[in-house]
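To start, I am sharing the structure in question, which I have written as C-alpha coordinates.
Values in this document were obtained by computation on a predicted structure and should not be read as measured data. Note that ligands are numbered from 1 as they come in the structure, with each ligand's atoms numbered from 1 the same way.
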Amino acid sequence: MAVHAHPDDESSKGAATTARYAAEGVEVLVVTCTGGERGDVLNPSFQVPEGHEFDTIEGRLAVRRLEMAAAAEALGVRQTWLGFVDSGLPEGDPLPPLPEGSFGLVPLEEAAAPLVELVREFRPHVMTTYDPSGGYPHPDHVKCHEVSFEAYHAAGDASRYVVEGGAEPWEPLKLYYNHGFSMARMRAVHEAMQGAGLESPFGDWIESRAAREIPEREATTRVAVADYFAQRDAALVAHASQIDPAGFFFAVPRDLEADVWPTEEYELADARVPTTLPEDDLFAGLREGDR
Ligand SMILES: [Zn+2]
(Lines give C-alpha, C1' and ligand atoms only; values in the text may rest on other atoms or scores of the structure.)
Protein backbone atom coordinates (compact mmCIF):
# COMPACT_ATOMS: atom_id res chain seq x y z
CA MET A 1 0.00 0.00 0.00
CA ALA A 2 1.58 3.23 -1.19
CA VAL A 3 0.01 6.29 0.47
CA HIS A 4 0.37 9.64 -1.30
CA ALA A 5 -0.93 13.17 -0.81
CA HIS A 6 -2.05 14.12 -4.34
CA PRO A 7 -2.65 12.48 -7.69
CA ASP A 8 0.79 12.60 -9.44
CA ASP A 9 2.81 12.00 -6.25
CA GLU A 10 2.56 8.24 -6.84
CA SER A 11 4.18 8.81 -10.26
CA SER A 12 7.07 10.96 -9.00
CA LYS A 13 7.87 9.04 -5.79
CA GLY A 14 8.42 5.30 -5.88
CA ALA A 15 6.46 4.81 -9.11
CA ALA A 16 8.84 2.34 -10.72
CA THR A 17 8.87 0.32 -7.48
CA THR A 18 5.09 -0.08 -7.55
CA ALA A 19 5.23 -1.01 -11.25
CA ARG A 20 7.90 -3.61 -10.52
CA TYR A 21 6.05 -5.24 -7.64
CA ALA A 22 2.76 -5.22 -9.55
CA ALA A 23 4.52 -6.91 -12.49
CA GLU A 24 5.88 -9.51 -10.08
CA GLY A 25 2.38 -10.35 -8.88
CA VAL A 26 2.15 -8.27 -5.70
CA GLU A 27 -1.24 -6.65 -5.17
CA VAL A 28 -0.35 -2.96 -5.12
CA LEU A 29 -2.82 -0.34 -3.95
CA VAL A 30 -2.03 3.35 -4.31
CA VAL A 31 -3.99 5.46 -1.83
CA THR A 32 -4.40 9.15 -2.69
CA CYS A 33 -5.38 11.32 0.28
CA THR A 34 -6.74 14.32 -1.63
CA GLY A 35 -8.25 15.00 -5.02
CA GLY A 36 -5.48 17.40 -6.05
CA GLU A 37 -8.16 19.96 -6.82
CA ARG A 38 -5.96 22.95 -5.88
CA GLY A 39 -3.08 22.06 -8.19
CA ASP A 40 -2.36 24.72 -10.82
CA VAL A 41 -1.57 23.82 -14.40
CA LEU A 42 2.17 23.14 -14.38
CA ASN A 43 2.49 22.01 -17.98
CA PRO A 44 2.47 24.79 -20.58
CA SER A 45 1.40 22.36 -23.30
CA PHE A 46 -1.58 21.08 -21.31
CA GLN A 47 -4.89 20.95 -23.17
CA VAL A 48 -8.03 20.62 -21.07
CA PRO A 49 -9.66 17.34 -22.15
CA GLU A 50 -12.76 17.73 -24.23
CA GLY A 51 -15.95 18.14 -22.24
CA HIS A 52 -13.97 19.21 -19.16
CA GLU A 53 -12.96 22.48 -17.52
CA PHE A 54 -10.09 23.42 -15.24
CA ASP A 55 -11.27 26.79 -13.90
CA THR A 56 -13.29 25.45 -10.98
CA ILE A 57 -12.46 23.15 -8.09
CA GLU A 58 -15.03 20.61 -9.36
CA GLY A 59 -13.64 20.80 -12.89
CA ARG A 60 -10.10 20.19 -11.71
CA LEU A 61 -11.18 17.33 -9.52
CA ALA A 62 -12.75 15.59 -12.53
CA VAL A 63 -9.70 16.18 -14.75
CA ARG A 64 -7.31 14.91 -12.12
CA ARG A 65 -9.40 11.78 -11.64
CA LEU A 66 -9.06 11.04 -15.34
CA GLU A 67 -5.31 11.62 -15.17
CA MET A 68 -4.97 9.43 -12.10
CA ALA A 69 -6.84 6.56 -13.73
CA ALA A 70 -4.49 6.69 -16.73
CA ALA A 71 -1.42 6.78 -14.45
CA ALA A 72 -2.60 3.79 -12.41
CA GLU A 73 -3.15 1.88 -15.63
CA ALA A 74 0.36 2.75 -16.81
CA LEU A 75 1.84 1.45 -13.54
CA GLY A 76 -0.41 -1.61 -13.45
CA VAL A 77 -1.65 -0.81 -9.94
CA ARG A 78 -5.00 -0.30 -8.25
CA GLN A 79 -5.75 3.12 -6.84
CA THR A 80 -8.28 4.59 -4.44
CA TRP A 81 -9.09 7.97 -2.88
CA LEU A 82 -9.41 8.90 0.77
CA GLY A 83 -11.65 11.77 -0.30
CA PHE A 84 -10.00 14.74 1.44
CA VAL A 85 -9.69 18.18 -0.12
CA ASP A 86 -6.31 19.46 -1.34
CA SER A 87 -4.93 22.22 0.95
CA GLY A 88 -2.99 23.88 -1.87
CA LEU A 89 0.59 25.03 -1.37
CA PRO A 90 0.43 28.17 0.79
CA GLU A 91 2.75 30.91 -0.49
CA GLY A 92 3.70 34.32 0.90
CA ASP A 93 5.19 35.81 4.04
CA PRO A 94 3.49 35.35 6.40
CA LEU A 95 1.91 32.22 4.94
CA PRO A 96 -1.85 32.52 4.49
CA PRO A 97 -4.12 30.19 6.49
CA LEU A 98 -5.13 26.92 4.82
CA PRO A 99 -8.52 26.89 3.10
CA GLU A 100 -11.35 25.84 5.37
CA GLY A 101 -12.13 22.12 5.21
CA SER A 102 -8.82 21.22 3.57
CA PHE A 103 -6.87 18.03 4.43
CA GLY A 104 -4.17 19.91 6.35
CA LEU A 105 -6.76 21.18 8.85
CA VAL A 106 -8.63 17.93 9.50
CA PRO A 107 -7.89 16.64 13.05
CA LEU A 108 -5.68 13.55 13.04
CA GLU A 109 -8.25 11.06 14.34
CA GLU A 110 -10.73 12.12 11.70
CA ALA A 111 -8.13 12.26 8.93
CA ALA A 112 -6.67 8.83 9.75
CA ALA A 113 -10.00 7.01 10.21
CA PRO A 114 -10.66 6.18 6.53
CA LEU A 115 -7.06 4.99 6.07
CA VAL A 116 -7.27 2.78 9.16
CA GLU A 117 -10.41 1.19 7.71
CA LEU A 118 -8.73 0.76 4.33
CA VAL A 119 -5.71 -0.95 5.94
CA ARG A 120 -8.10 -3.33 7.68
CA GLU A 121 -9.84 -4.09 4.40
CA PHE A 122 -6.85 -4.32 2.05
CA ARG A 123 -4.53 -5.96 4.61
CA PRO A 124 -1.17 -4.72 3.28
CA HIS A 125 2.05 -6.33 4.48
CA VAL A 126 4.06 -3.23 3.57
CA MET A 127 3.09 0.46 3.63
CA THR A 128 5.01 3.37 2.11
CA THR A 129 4.57 7.06 2.86
CA TYR A 130 6.67 10.22 3.39
CA ASP A 131 9.02 11.05 6.26
CA PRO A 132 7.77 13.34 9.08
CA SER A 133 8.83 16.48 7.18
CA GLY A 134 6.60 15.43 4.30
CA GLY A 135 9.76 15.23 2.20
CA TYR A 136 8.58 18.50 0.69
CA PRO A 137 7.06 21.45 2.58
CA HIS A 138 3.44 20.98 1.56
CA PRO A 139 0.87 20.68 4.39
CA ASP A 140 -0.81 17.73 2.64
CA HIS A 141 2.49 15.85 2.44
CA VAL A 142 3.09 16.31 6.17
CA LYS A 143 -0.49 15.23 6.84
CA CYS A 144 -0.02 12.22 4.56
CA HIS A 145 2.87 11.12 6.79
CA GLU A 146 0.78 11.64 9.93
CA VAL A 147 -2.23 9.63 8.79
CA SER A 148 -0.06 6.81 7.40
CA PHE A 149 2.00 6.58 10.58
CA GLU A 150 -1.19 6.58 12.65
CA ALA A 151 -2.90 3.94 10.48
CA TYR A 152 0.19 1.70 10.49
CA HIS A 153 0.24 1.76 14.28
CA ALA A 154 -3.50 1.74 15.01
CA ALA A 155 -5.07 -0.57 12.41
CA GLY A 156 -4.07 -3.71 14.32
CA ASP A 157 -5.56 -2.50 17.59
CA ALA A 158 -9.19 -3.57 17.99
CA SER A 159 -9.75 -0.95 20.70
CA ARG A 160 -8.95 1.95 18.36
CA TYR A 161 -10.92 3.37 15.45
CA VAL A 162 -13.83 1.12 16.27
CA VAL A 163 -16.32 1.01 13.41
CA GLU A 164 -19.55 -0.90 13.77
CA GLY A 165 -19.60 -3.56 11.05
CA GLY A 166 -16.06 -2.54 10.05
CA ALA A 167 -13.28 -4.85 8.92
CA GLU A 168 -11.19 -6.92 11.38
CA PRO A 169 -8.02 -5.34 12.79
CA TRP A 170 -4.92 -5.84 10.63
CA GLU A 171 -1.31 -5.13 11.47
CA PRO A 172 0.96 -4.23 8.53
CA LEU A 173 4.50 -5.57 9.00
CA LYS A 174 6.75 -2.88 7.54
CA LEU A 175 6.54 0.90 7.12
CA TYR A 176 8.78 2.83 4.74
CA TYR A 177 9.42 6.47 3.84
CA ASN A 178 10.06 7.42 0.20
CA HIS A 179 13.49 8.96 -0.44
CA GLY A 180 13.71 9.12 -4.21
CA PHE A 181 14.83 12.76 -4.22
CA SER A 182 18.00 12.34 -2.20
CA MET A 183 20.90 14.75 -2.60
CA ALA A 184 23.10 11.74 -3.33
CA ARG A 185 20.95 10.85 -6.35
CA MET A 186 20.65 14.43 -7.57
CA ARG A 187 24.40 14.96 -7.28
CA ALA A 188 25.26 11.68 -9.01
CA VAL A 189 22.91 12.34 -11.92
CA HIS A 190 24.00 15.99 -12.12
CA GLU A 191 27.67 15.04 -12.33
CA ALA A 192 27.01 12.31 -14.89
CA MET A 193 25.06 14.78 -17.06
CA GLN A 194 27.88 17.29 -16.90
CA GLY A 195 30.42 14.56 -17.56
CA ALA A 196 28.50 13.64 -20.70
CA GLY A 197 28.52 17.28 -21.83
CA LEU A 198 24.77 17.66 -21.20
CA GLU A 199 22.97 20.45 -19.42
CA SER A 200 21.82 19.22 -16.03
CA PRO A 201 18.41 20.27 -14.73
CA PHE A 202 19.51 19.77 -11.13
CA GLY A 203 22.09 22.52 -10.57
CA ASP A 204 19.68 25.09 -9.07
CA TRP A 205 17.82 22.38 -7.25
CA ILE A 206 20.97 21.14 -5.51
CA GLU A 207 22.06 24.67 -4.61
CA SER A 208 18.72 25.73 -3.15
CA ARG A 209 18.40 22.50 -1.23
CA ALA A 210 21.94 22.80 0.13
CA ALA A 211 21.20 26.40 1.14
CA ARG A 212 18.15 25.31 3.12
CA GLU A 213 20.31 22.77 4.95
CA ILE A 214 17.62 20.10 4.92
CA PRO A 215 19.07 17.19 6.86
CA GLU A 216 19.41 14.06 4.72
CA ARG A 217 17.62 11.01 6.02
CA GLU A 218 19.09 7.58 5.71
CA ALA A 219 18.17 5.31 2.81
CA THR A 220 18.06 1.77 4.15
CA THR A 221 16.56 0.08 1.13
CA ARG A 222 17.39 0.36 -2.57
CA VAL A 223 15.04 -1.30 -5.01
CA ALA A 224 16.34 -2.00 -8.53
CA VAL A 225 13.76 -0.55 -10.90
CA ALA A 226 15.47 0.55 -14.13
CA ASP A 227 13.38 -1.93 -16.12
CA TYR A 228 10.29 -0.02 -14.99
CA PHE A 229 11.39 3.52 -15.84
CA ALA A 230 9.26 3.43 -19.01
CA GLN A 231 6.14 2.68 -16.98
CA ARG A 232 7.02 5.41 -14.49
CA ASP A 233 7.44 7.86 -17.37
CA ALA A 234 4.10 6.88 -18.90
CA ALA A 235 2.45 7.45 -15.52
CA LEU A 236 4.08 10.88 -15.19
CA VAL A 237 2.93 11.89 -18.67
CA ALA A 238 -0.60 10.76 -17.78
CA HIS A 239 -0.73 13.64 -15.26
CA ALA A 240 -0.91 16.06 -18.17
CA SER A 241 -2.01 19.10 -16.15
CA GLN A 242 0.89 18.71 -13.71
CA ILE A 243 3.85 17.29 -15.59
CA ASP A 244 5.55 19.00 -18.52
CA PRO A 245 6.76 16.29 -20.92
CA ALA A 246 9.55 18.69 -21.93
CA GLY A 247 10.42 19.54 -18.32
CA PHE A 248 12.44 18.56 -15.27
CA PHE A 249 11.32 14.93 -15.01
CA PHE A 250 12.35 14.12 -18.57
CA ALA A 251 15.61 16.05 -18.83
CA VAL A 252 17.84 13.08 -17.99
CA PRO A 253 18.47 10.55 -20.80
CA ARG A 254 17.03 7.27 -19.59
CA ASP A 255 20.08 5.18 -20.47
CA LEU A 256 22.21 7.55 -18.39
CA GLU A 257 19.74 7.35 -15.52
CA ALA A 258 19.65 3.55 -15.68
CA ASP A 259 23.44 3.55 -15.63
CA VAL A 260 24.01 6.04 -12.82
CA TRP A 261 20.97 5.53 -10.59
CA PRO A 262 18.91 2.41 -11.38
CA THR A 263 17.20 2.25 -7.97
CA GLU A 264 14.53 3.93 -5.87
CA GLU A 265 15.36 4.53 -2.21
CA TYR A 266 13.42 4.06 0.99
CA GLU A 267 13.97 4.42 4.71
CA LEU A 268 12.69 1.57 6.84
CA ALA A 269 10.73 3.38 9.54
CA ASP A 270 9.36 0.34 11.34
CA ALA A 271 9.46 -3.44 10.99
CA ARG A 272 7.54 -6.08 12.91
CA VAL A 273 9.64 -8.81 11.31
CA PRO A 274 13.41 -9.31 11.53
CA THR A 275 15.31 -7.88 8.56
CA THR A 276 18.92 -7.02 7.83
CA LEU A 277 19.90 -3.55 6.61
CA PRO A 278 20.66 -2.46 4.00
CA GLU A 279 17.91 -4.15 1.99
CA ASP A 280 17.15 -4.36 -1.71
CA ASP A 281 13.51 -5.45 -1.36
CA LEU A 282 10.57 -3.87 0.48
CA PHE A 283 9.39 -7.41 1.23
CA ALA A 284 12.68 -8.57 2.75
CA GLY A 285 11.89 -10.67 5.82
CA LEU A 286 8.35 -11.37 4.58
CA ARG A 287 8.95 -13.79 1.77
CA GLU A 288 8.48 -17.52 1.99
CA GLY A 289 11.57 -18.96 3.56
CA ASP A 290 12.30 -15.74 5.47
CA ARG A 291 10.08 -16.83 8.33
ZN1 LIG B 1 1.82 16.35 -3.69
Can you find a pair of side-chain heavy atoms, one from T17 and one from L282, that are under 4.5 Å apart? yes

Donor-acceptor pairs under 3.5 Å, side chain of residues 187-206 to any protein atom, not counting sequence neighbours: which ones?
| from | atom 1 | to | atom 2 | distance (Å) |
| --- | --- | --- | --- | --- |
| H190 | ND1 | S200 | OG | 2.6 |
| S200 | OG | F202 | N | 3.0 |

Pick one: which of E265, E279, H179 meets side chain to side chain donor-acceptor pair (under 3.5 Å) with T221? E279

Near the Zn ion (ligand 1), protein N/O/S count under 2.8 Å comes to 4

Among L29, V28, V225, V26, which residue satisfies the side-chain contact (heavy atoms from CB on, under 4.5 Å) criterion with T18? V28

Specify whether F248 and F181 have parallel, tilted or perpendicular ring planes, treating 30° as the upper limit for parallel and 60° as the lower limit for perpendicular. parallel

Heavy-atom distance under 4.5 Å between the side chains of E264 and R20, does that happen here? no

